[in-house]
Number of protein chains: 2
Amino acid sequence: MMFSKACEYGIRAAVYVTLQSLEERRVSFNEIAKEIDSPIAFTAKILQQLTRNNIIHSVKGPTGGFEIEREDMDMVKLSMIVKAIDGDKIYTGCGLGLKECNAQKPCPLHDKFLDIRTDLRNMLESTSLFELATGLEVGLTYLKR
Amino acid sequence: MMFSKACEYGIRAAVYVTLQSLEERRVSFNEIAKEIDSPIAFTAKILQQLTRNNIIHSVKGPTGGFEIEREDMDMVKLSMIVKAIDGDKIYTGCGLGLKECNAQKPCPLHDKFLDIRTDLRNMLESTSLFELATGLEVGLTYLKR
DNA sequence: ATAATATAGGATATAATTGTCTTTTATTTG
DNA sequence: CAAATAAAAGACAATTATATCCTATATTAT
């Protein structure tokens with residue numbers, strides 16, 4: 001409703017990779033898709049995007065798979081994943097779809113949207129993969145169903 | 001980015017109808033589409049939905065068109081338009097696309113999303129068509145471009 | 001009543017998103 | 001080096017959202 005399906009899968013996949021990397025495990029896209037309950041081939045495409053954007057790391061061949069460095073778990077924020085997959089229209093776009101909508105020439109909802117979007121932006125820019133993975137690790141949150 | 005295109009057009013159309021009803025003018029969907037810069041036939045469909053949901057009122061035949069009663073301008077909130085067109089997934093759906101995501105079995109983003117969505121909901125439920133139309137009337141806001 | 005006008009409705013077209021399938025490329029292990 | 005494994009890449013298919021077109025229906029004014 002806010003993110004595309006691709007972006008939803010991308011976030012869930014990245015969080016799962018983070019969770020497993022905490023245990024030093026590389027994971028295949030087959031495993032990822034199974035564990036986050038997403039379509040395999042489609043998820044593979046999204047993982048490619050995340051890899052190209054240096055959000056996660058991929059290794060080919062046997063013993064290969066996806067992983068993320070310990071320091072990147074803190075560095076990578078949700079905003080980076082959203083930007084890589086959905087672009088930045090979530091920040092810049094007008095809530096009512098006007099091509100140019102700004103303080104000089106605002107749509108009727110401009111100011112009210114600005115507040116909400118600023119909150120959303122702050123949330124996305126301050127939430128790291130590590131933070132999300134730790135909630136999962138202790139069984140407080142879930143990635144499927 | 002948050003609403004469907006149909007919903008964006010729907011809100012803009014409803015605000016324009018409100019603006020014109022303040023001057024006792026009924027407006028055709030041709031005029032509406034022109035003034036909010038939207039595709040005519042598609043906009044007509046959306047106006048049908050708004051009419052069926054008793055958000056605006058339509059009159060057939062010559063001198064006909066769309067209008068909204070003075071009291072409805074205050075009564076109708078944005079939330080009603082959004083619900084009529086996009087349903088309530090904006091309130092109930094999980095930010096990461098999980099089928100069931102709630103306090104008992106939350107996704108990793110559940111709590112953070114809840115805050116933002118509550119703000120969005122409050123905004124939509126408290127903003128009336130009248131409020132939006134008056135901003136337009138005095139030239140502070142715009143419905144196209 | 002008839003002609004004109006405006007919304008309502010149905011069928012269809014186009015575009016974007018989501019999803020699948022097959023082949024290729026890189027890497028590791030025996 | 002050969003075989004096996006796993007991601008990368010490209011072509012294709014299905015679904016949903018967006019948009020158009022044509023006809024029907026209701027209403028008004030002459």
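Below, chain A is the first sequence line, B the second, and so on; all start at residue 1.
- Take K105(A) and apply the salt bridge (charged side-chain N to carboxylate O under 4.0 Å, His left out) test, not counting sequence neighbours, and it matches no residue.
- Residues meeting the side chain to side chain contact (heavy atoms under 4.5 Å, CB included) test with S28(A), sequence neighbours left out: N30(A), E31(A).
- The NE2 atom of H57(A) sits 13 Å away from the C1' atom of dA26(C) (whole-angstrom rounding).
- Distances shorter than 4.0 Å separate none of the side-chain N or O atoms of Q48(A) from OP1 or OP2 on dA7(D).
- To the nearest angstrom, C1' of dA6(C) lies 9 Å from CZ of F66(B).
- Taking the side-chain hydrogen bond (donor to acceptor under 3.5 Å, both in side chains) definition, one finds that T18(B) meets it with nothing, sequence neighbours left out.
- Residue R52(B) places at least one side-chain N or O under 4.0 Å from the OP1 or OP2 atom of dG9(C).
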Going through the checks in order, is the side-chain contact (heavy atoms from CB on, under 4.5 Å) test met by I81(B) and F3(B)? CA-CA 11 Å; I81(B) 299 179; F3(B) 304 136; over 6 Å; no
Please tabulate, for side-chain N and O atoms in residues 112-122 of chain B, each donor-acceptor pair with protein atoms closer than 3.5 Å (sequence neighbours left out).
unit_1	atom_1	unit_2	atom_2	d
K112(B)	NZ	T127(A)	OG1	3.2
K112(B)	NZ	E131(A)	OE2	2.9
R117(B)	NE	Y91(B)	O	3.4
R117(B)	NH1	G93(B)	O	2.3
R117(B)	NH2	Y91(B)	O	3.3
R117(B)	NH2	G93(B)	O	2.8
T118(B)	OG1	L114(B)	O	2.7
R121(B)	NE	E125(B)	OE2	3.3
N122(B)	ND2	T118(B)	O	3.3

Sugar-phosphate or base contact per nucleotide [nucleotides 10-22 of chain C; S, B, -; heavy atom under 4.0 Å]: B-------SBBB-
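- Closest of all the heavy-atom pairs between Y9(A) and I36(A) is O-CD1, 3.7 Å.
- At least one side-chain nitrogen or oxygen of S58(A) sits closer than 4.0 Å to the OP1 or OP2 atom of dA8(D).
- The side chain to side chain donor-acceptor pair (under 3.5 Å) analysis of residues 133-145 of chain B, with sequence neighbours excluded, yields no pairs.
- A heavy atom lying under 4.0 Å from DNA chain C marks none of the residues of residues 18-31 of chain A.
- Identified under the ring-ring contact (aromatic ring centres under 6.0 Å, His included) test for residues 12-32 of chain B, with sequence neighbours left out: none.
- Rounded to whole Å, the distance from CD1 on I46(B) to C1' on dT7(C) is 15 Å.
- When rounded to the nearest whole Å, the span between CD1 of I68(A) and C1' of dA7(D) equals 17 Å.
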Atom pairs under 3.5 Å, N or O on each side, protein against nucleotides 24-28 of chain D: can you list them with distances?
unit_1	atom_1	unit_2	atom_2	d
dT25(D)	O2	K60(B)	NZ	3.3
dA26(D)	O4'	K60(B)	NZ	3.3

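- In this structure D72(B) satisfies the side-chain hydrogen bond (donor to acceptor under 3.5 Å, both in side chains) test with no other residue, sequence neighbours excluded.
- Side-chain atoms of R25(A) never come within 3.5 Å of backbone atoms of Q20(A) as a donor-acceptor pair (strictly under, hydrogens ignored).
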Run the side-chain contact (heavy atoms from CB on, under 4.5 Å) check on L98(A) and R12(B) step by step: do they pass? CA-CA 10 Å; L98(A) 302 199; R12(B) 278 152 64 191; 3.7 Å; yes
Output side-chain donor-acceptor pairs under 3.5 Å for residues 53-68 of chain A, partner residues at least two apart or in another chain, one line each.
unit_1	atom_1	unit_2	atom_2	d
N53(A)	ND2	Q49(A)	O	2.8
H57(A)	ND1	E67(A)	OE2	3.0
E67(A)	OE1	R26(A)	NE	3.0

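- Atom NZ of K83(A) has 12 or fewer heavy atoms from other residues, nucleotides or ligands within 6.0 Å.
- Comparing the local axis fitted to the first five base pairs of the helix from dA1(C)-dT30(D) to dG30(C)-dC1(D) with the one fitted to its last five gives a bend of 10°, rounded to 10°.
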